[in-house]
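Below you'll find the structure, written out as structure tokens, and then a few comments.
Since this is a predicted model, take the numbers as computed values, not measurements.
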Amino acid sequence: MARRSVQFWRIEQLNGDGLNRPFPARRVAEVLKKAQDAGTDRHFTSGDGTVLLAQAVASAPHPVLLLDRVRDTNLPSVGDALGRRKPLPLAPGDHLLETTYFAFLKRNVIAVLTSGNGPRASRMGEYLEGMLGLEPVLVPVVREDIEEILTRLEVSRFEFALPAERLSGKLMEGEWADVLDSASRLMNEGTFRISLSVGRSGKAEDKQRIRDRIQQLIDLFRRAGSVEHFDYVVAEGKDSLTGDREVVDLLKERFISHIEVDPDVFNDPQKSTAEAIAILNKQARDNEAFFARTLPDIKGSADAALVPDMVAGGMAAVRAALAAAESSETARQVAGKAGKAAGKADQSAGETQGGADHELVRG
């Protein structure tokens, strides 16, 4: 058996505003299915060069999408029974697909069935923005008391560790990506551990400045979609309300279910999709009471008008077409104005010439 995890995220904002009605997930699934049936190119290339491809695989009881990372470079090799290496047997035009499954549940919760190499949850936000112009902001669903604890914590230490073979800047974003990328070049065996602390010496205002910076880095770390790849992640400090020292395990603060799956099933595209849908629907049923108790209820109906039909190239192609149309219209207007100006000039010249002739005759 192999171990996979189901992470739970919530769509907190959409297009820059707080989301206080259901996210139009069913409409997104319909648009994707329509694009699939029409053969529309659904590939999206993110800013860092990662190629993503989404597919709708279910609409009831919850819309389920899969998101593939498409790879055609740096491919792994295949080994036979004696360990002899040979290339992956890919036909011309084939790609390696690494998949993550997304189920859109009530209360704008997304259940994300991950694998070791599939896209992070945040990649779905990138895809929806790039292809449909939607800008969802995802935040992790956490333990009931973790936000309260971290808000009160006067942090003095933040520490994490992970096996050296997992070191990669792709696990994190921003400053942490630079740290992990640099570490991956330093070592490829053993355990990499990093610890940030306020220290004992220094003025009170200096210590507070360091605390604030560590807190910023903790917030950035917590928003990453790959925390489960780490072995150890803790924050330590004094509870400003009770005065007690608190050690918060950030690996356990997220609401993540760990499940055992049959690796043979997940190697088969059809079986893996059916199994993933069954797993996500079961997780939705099992955890509905928790979501009802800890998350706000969402009233109203989804605004399907927010989701346009998908076009090849996504919103980049739409914007390019609009820019070209605007440029053409501007050129037409400029040409029209130039023509009118030329006409007026000709008319003025004619009047001037006629006036001169008249004066000559009169004279």
Single-linkage hydrophobic cluster, 4.5 Å side-chain cutoff, [X] and [Y] together:
| X | Y | result |
| --- | --- | --- |
| Val234 | Phe221 | no |
| Leu217 | Val142 | yes |
| Leu196 | Ile218 | yes |
| Leu97 | Val265 | no |
| Leu220 | Leu171 | yes |

Kindly indicate, with the supporting measurements, whether the criterion side chain to side chain contact (heavy atoms under 4.5 Å, CB included) is fulfilled by Leu65 and Val28.
CA-CA 9 Å; Leu65 311 181; Val28 170; 4.0 Å; yes
Within the 4.5 Å heavy-atom criterion, are [X] and [Y] side-chain neighbours or not?
| X | Y | value |
| --- | --- | --- |
| Val139 | Trp9 | no |
| Ile11 | Val137 | no |
| Leu14 | Phe23 | yes |
| Phe158 | Leu250 | yes |
| Arg21 | Asp303 | yes |
| Glu236 | Val155 | no |
| Leu67 | Leu52 | yes |
| Asn20 | Ile298 | no |

State plainly whether the residues [X] and [Y] are in salt-bridge range, i.e. N to O under 4.0 Å.
| X | Y | answer |
| --- | --- | --- |
| Asp206 | Arg209 | yes |
| Arg123 | Glu126 | yes |
| Arg71 | Glu98 | yes |

Could you state the interatomic distance from [atom1] ([X]) to [atom2] ([Y]), rounded to the nearest 0.5 Å?
| X | Y | atom1 | atom2 | value |
| --- | --- | --- | --- | --- |
| Lys33 | Gln55 | NZ | CD | 9.0 Å |
| Leu167 | Arg185 | CG | CZ | 11.0 Å |
| His62 | Asn281 | NE2 | CG | 5.5 Å |
| Ile214 | Ser195 | CD1 | OG | 8.5 Å |
| Ser272 | Leu66 | OG | CG | 8.0 Å |
| Leu241 | Thr151 | CG | OG1 | 11.5 Å |

Any side-chain donor-acceptor pair under 3.5 Å between [X] and [Y]?
| X | Y | answer |
| --- | --- | --- |
| Tyr232 | Thr191 | no |
| Asp17 | Gln13 | no |
| Thr114 | Thr100 | no |
| Arg85 | Ser77 | yes |

Tell me the closest heavy-atom pair linking [X] and [Y], and the distance in Å.
| X | Y | result |
| --- | --- | --- |
| Leu153 | Gln215 | O-OE1, 4.4 Å |
| Ile194 | Val179 | CD1-CG1, 4.1 Å |
| Gly169 | Asp181 | N-OD1, 3.1 Å |
| Ile277 | Val57 | CD1-O, 3.6 Å |
| Asn15 | Gly133 | OD1-O, 3.7 Å |
| Ala29 | Ala56 | O-CB, 3.5 Å |

Quick one: which residue pairs count as a side-chain hydrogen bond (donor to acceptor under 3.5 Å, both in side chains) with a foot in residues 88-97, not counting sequence neighbours?
none
Residue pairs fulfilling side-chain hydrogen bond (donor to acceptor under 3.5 Å, both in side chains) with at least one residue in residues 283-294, sequence neighbours excluded:
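Residue pairs passing side-chain hydrogen bond (donor to acceptor under 3.5 Å, both in side chains), neighbours aside: Arg107-Glu288, Glu144-Arg293, Ser257-Gln283, Lys282-Asp286, Gln283-Asn287.
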Given 3.5 Å as the limit, does a donor-acceptor pair link the side chain of [X] with the main chain of [Y], or not?
| X | Y | answer |
| --- | --- | --- |
| Thr99 | Asp68 | no |
| Ser59 | Pro63 | no |
| Ser182 | Asp178 | yes |

Suppose the criterion is salt bridge (Lys or Arg N to Asp or Glu O under 4.0 Å): which pairs have a residue in residues 190-202, not counting sequence neighbours?
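Non-adjacent pairs meeting salt bridge (Lys or Arg N to Asp or Glu O under 4.0 Å): Glu159-Arg193.
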Using salt bridge (Lys or Arg N to Asp or Glu O under 4.0 Å), reason through Arg27 and Asp309 one step at a time and then give a plain yes or no.
CA-CA 10 Å; Arg27 165 65 178 165; Asp309 284 333; 3.2 Å; yes
Kindly indicate, with the supporting measurements, whether the criterion side chain to side chain contact (heavy atoms under 4.5 Å, CB included) is fulfilled by Leu96 and Asp72.
CA-CA 6 Å; Leu96 187 66; Asp72 54 13; over 6 Å; no
Taking atom CD of Glu205 as the centre, does the number of heavy atoms from other residues, nucleotides or ligands within less than 6.0 Å exceed 12?
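Yes, the 6.0 Å shell around CD holds more than 12 heavy atoms from other groups.
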If you draw a 6.0 Å radius around NZ in Lys207, do more than 12 non-hydrogen atoms from other residues or ligands fall strictly inside?
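Count over threshold, so yes.
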Derivation of the salt bridge (Lys or Arg N to Asp or Glu O under 4.0 Å) call for Lys34 and Asp37:
CA-CA 5 Å; Lys34 181 179 177 182; Asp37 293 344; over 6 Å; no
Contacts of type salt bridge (charged side-chain N to carboxylate O under 4.0 Å, His left out), residue Lys106, not counting sequence neighbours
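Salt bridge (charged side-chain N to carboxylate O under 4.0 Å, His left out) check on Lys106 returns nothing, list empty.
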Asp80: what forms a salt bridge (charged side-chain N to carboxylate O under 4.0 Å, His left out) with it, not counting sequence neighbours?
Arg84
Please lay out, stage by stage, how Asp212 and Gln216 fare under the test side chain to side chain donor-acceptor pair (under 3.5 Å).
CA-CA 6 Å; Asp212 293 341; Gln216 291 173 3; over 6 Å; no
Check the orientation of Phe230 and Phe160. Use parallel for under 30°, tilted for 30 to 60°, and perpendicular for over 60°.
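Because their plane-to-plane angle is over 60°, the rings of Phe230 and Phe160 count as perpendicular.
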Can you tell me how the ring of Tyr127 sits relative to the ring of Phe44, calling it parallel under 30°, perpendicular over 60° and tilted otherwise?
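Plane angle over 60°, so perpendicular.
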Evaluate the criterion side chain to side chain contact (heavy atoms under 4.5 Å, CB included) for residue pair Thr50 and Thr45; output intermediate values, then yes/no.
CA-CA 6 Å; Thr50 300; Thr45 303; over 6 Å; no
In the hydrophobic clustering that connects Ile, Leu, Val, Met, Phe, Trp and Tyr at side-chain heavy-atom distances below 4.5 Å, which members other than Met315 occupy its cluster, ordered by chain and number?
Val311, Val318, Leu322
Between Val51 and Arg69, does a side chain to side chain contact (heavy atoms under 4.5 Å, CB included) hold up when you go through it step by step?
CA-CA 6 Å; Val51 179; Arg69 175 187 287 115; over 6 Å; no
